[in-house]
*Asks:* 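Take a look at the following structure, please.
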Amino acid sequence: MQPEKDKNLVLTTRIIYLPLFVSGLLLALKTAHSQPILTILKIAVALAFVALLEISFAHKIKKTPTKIVLAILSILFFLAALLGIMLITNENS
């Protein structure tokens with residue numbers, strides 16, 4: 001990618017972070033009292049995902065290979081999504 005496209009991608013993902021963090025906070029406030037361990041785990045995985053995503057952008061700008069980082073990002077994304085779905089379904093049961 002060209003530097004301008006890289007900047008646009010980084011900006012777009014950072015804009016997407018905001019509603020993700022707000023919805024995650026609302027979910028955490030709703031489920032923290034009934035499922036504290038799962039809630040903390042979900043928050044930790046989501047934060048790890050965002051941190052690793054930022055690291056991958058830094059690597060991409062430097063043009064170093066990031067296949068392992070992308071694999072870990074995929075795992076963290078799906079794990080965070082799965083934990084969020086588990087929290088929602090367990091709270092509604």
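Keep in mind that what you see is a predicted model, and the values were worked out from it rather than measured.
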*Asks:* Just wondering, do F21 and V50 contact through their side chains at under 4.5 Å, heavy atoms?
*Replies:* yes
*Asks:* Are L82 and L53 co-members of a hydrophobic cluster defined by side-chain heavy atoms under 4.5 Å apart?
*Replies:* yes
*Asks:* Under 4.5 Å between side-chain heavy atoms, hopping through other hydrophobics if needed: is there a path connecting L27 to I85?
*Replies:* no
*Asks:* Measuring from atom CG of L41 to atom CE of M86, what distance do you get when rounded to the nearest 0.5 angstrom?
*Replies:* 8.5 Å
*Asks:* Let me confirm one number: the CD-CD1 distance from Q35 to I40, rounded to the nearest 0.5 Å.
*Replies:* 12.0 Å
*Asks:* Quick one: CD1 on I72 to CG on L79, what's the gap to the nearest 0.5 Å?
*Replies:* 12.5 Å
*Asks:* Hydrophobic clusters here meaning ILVMFWY residues chained together by side-chain heavy-atom distances under 4.5 Å, can you tell me if I88 and F49 are in one?
*Replies:* yes
*Asks:* More than 12 heavy atoms of other residues, nucleotides or ligands under 6.0 Å from CG of L29: is that the case?
*Replies:* yes
*Asks:* Check L76 against L52 and note the closest heavy-atom contact, atom names and distance.
*Replies:* CD1-CD2, 3.9 Å
*Asks:* For residues T31 and L38, determine if any side-chain heavy atom of one lies less than 4.5 Å from a side-chain heavy atom of the other.
*Replies:* no
